[in-house]
Protein chains: 2
Amino acid sequence: MILALLIGSTGRKRETEMRPAEELRYLILAAQREGNRQLAHALRPLGVTPSQAEVLRLLAEHAPLSLMQLGELLVCEAGTNPSRLVSSMVQAGMVHRVTAPEDRRAIKLTLTDRGQETAAQVEQVEAELYAMLDASTAGFDRDSLIRWLGGLVANQPSGEAIERRKNPGTHYATS
Amino acid sequence: MILALLIGSTGRKRETEMRPAEELRYLILAAQREGNRQLAHALRPLGVTPSQAEVLRLLAEHAPLSLMQLGELLVCEAGTNPSRLVSSMVQAGMVHRVTAPEDRRAIKLTLTDRGQETAAQVEQVEAELYAMLDASTAGFDRDSLIRWLGGLVANQPSGEAIERRKNPGTHYATS
DNA sequence: ACAAAGTATATTACATGTCACATATTTTGT
DNA sequence: ACAAAATATGTGACATGTAATATACTTTGT
């Protein structure tokens, strides 16, 4: 502590408290980064990345989807076009991509057998991490947090993607 | 709703509630993404990205820093080596980079005049966004949230970076 | 004194977040 | 019927999150 004071007097600005909103900003960033790292680490043996895993699980639940529909449900890349992400998975033999019969501009995405297997493994990995997250919210008002965060991202692409996933069938472009 | 049931019966899995931990996962991801977008949009007139802005503000507060010290304080890229990020800013004339006299492996980073000016502008942009974030937490137990998130990221690189920023001088590698 | 081990930074590689633009197809308006 | 506008997807560019590797320098051990 004496050392800290000595360093502090070598031309440094006097230390100030970090503003709560600033701390919250960085904590949200930190939570996302560290969560993503843990997920990426757990998924590594399956040979998929977190974003790819999200696609696998969405297709397992909702296939067939067009690229746009998929983009509307993806949080990792909300509001954009996940063409490259899907291409990597077609290359890897996890996703089938065919031109949609009713609209030559569009494609239909489904999982291959391999994709189905990987999606099931992803689901297990996720369940383990969710159990850890459940444990960390024990004794904490999780529902309030969910409501607050939901309000924070409402009417923005990522927030809308989450809403669509919670209520499939009511937000879809007609397929 | 009738339509949703009809669509639901065309080979789709029966819809289920989204598990709260899963929702929380995606809400954190959404909050980070949308916050970053807003910040990037607000910073665009200054010609800097969110990560660069973080560097500017850290150097404004704590220069001179070595690359490793900077890496220890950065949340955006915690636990890694921000060499490319810093190089882009040296190129852009915002950061001075000189070899440290006491250790030829190391460098010392400081802001140029231009960097100082940009850092001040970044601070204003941030203040406006923090005010919005403050408004969104009115009536919400922000301190509990901060404590919970802090626990979630504790003992991980990003969380450690935040702690170091809150308590500069006690966590530094000696400079 | 010298070699081995450790360290600070730079570079490479892959994936991706974001935005802009290109191309082909479908829809709309006249 | 035809042109203009809109739309679905693919591609290019820049920045960066993450991990691995390379190089030069410093420290440690003998």
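Since the structure is predicted, the reported quantities are computational estimates derived from the model, not experimental observations.
The stretch residues 77-98 of chain B comes close to DNA chain D through B:Glu77, B:Arg84, B:Leu85, each having a heavy atom under 4.0 Å from the strand.
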- Mind running side chain to side chain contact (heavy atoms under 4.5 Å, CB included) on A:His96 and A:Leu111 for me, showing each step along the way? CA-CA 6 Å; A:His96 278 309; A:Leu111 290 180; over 6 Å; no
- A:Gln116/A:Met94 under side chain to side chain contact (heavy atoms under 4.5 Å, CB included): CA gap, chis, key distance, verdict: CA-CA 8 Å; A:Gln116 295 277 4; A:Met94 295 186 275; over 6 Å; no
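Salt bridge annotation for B:Glu23-B:Arg19: absent, with no cationic side-chain nitrogen under 4.0 angstrom from a carboxylate oxygen.
Protein atom CD of A:Gln32 is 11 Å distant from nucleotide atom C1' of C:dG17, rounded to whole Å. At whole-Å resolution of the value, CD in B:Gln38 and C1' in C:dT18 are 15 Å apart. Between the P atom of C:dG17 and the CD atom of B:Gln52 lies a distance of 19 Å, rounded to the nearest Å. Whole-Å rounding puts the A:Leu29 CG to C:dG17 P distance at 14 Å. At whole-Å resolution of the value, CZ in A:Arg104 and C1' in C:dT23 are 14 Å apart. Across the protein-nucleic acid pair, A:Ile107 atom CD1 and C:dT23 atom C1' stand 15 Å apart, rounded to whole Å. The CG atom of B:Asn36 sits 15 Å away from the P atom of D:dA15 (whole-angstrom rounding). Taking atom CE of A:Met68 as the reference point, atom P of C:dT26 lies 15 Å away to the nearest angstrom.
A:Glu54 contributes a side-chain N or O that, together with a main-chain N or O of A:Val75, makes up a donor-acceptor pair within less than 3.5 Å.
Picking from C:dA15, C:dG17, C:dA20 the nucleotide with the shortest atom distance to the side chain of B:Arg44 gives C:dA20. Ranking D:dG17, D:dT9, C:dA15 by closeness to the A:Thr49 side chain, first place goes to C:dA15. The nucleotide whose nearest atom lies closest to any side-chain atom of A:Arg37 is, among D:dT9, D:dT18, D:dT16, D:dT18.
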With a cut-off of 3.5 Å and sequence neighbours excluded, list every side-chain donor-acceptor pair involving residues 25-33 of chain B.
residue : atom : partner  : partner atom : Å
B:Arg25 : NH1  : A:Glu126 : OE2          : 2.8
B:Arg25 : NH1  : A:Tyr130 : OH           : 2.7
B:Tyr26 : OH   : A:Arg165 : NH2          : 3.1
B:Arg33 : NE   : A:Cys76  : O            : 3.3

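A:Ser88 and A:Gln52 form a side-chain donor-acceptor contact under 3.5 Å, judged by distance and modelled atom types alone.
Residue-to-nucleotide proximity on DNA chain C shows that, of A:Ser51 and B:Leu67, the 5′-proximal contact is made by B:Leu67.
At least one side-chain heavy atom of B:Ser66 sits under 4.5 Å from a side-chain heavy atom of B:Met68.
Side-chain N/O atoms of B:Arg105 and base N/O atoms of C:dT9 include no donor-acceptor pair closer than 3.5 Å.
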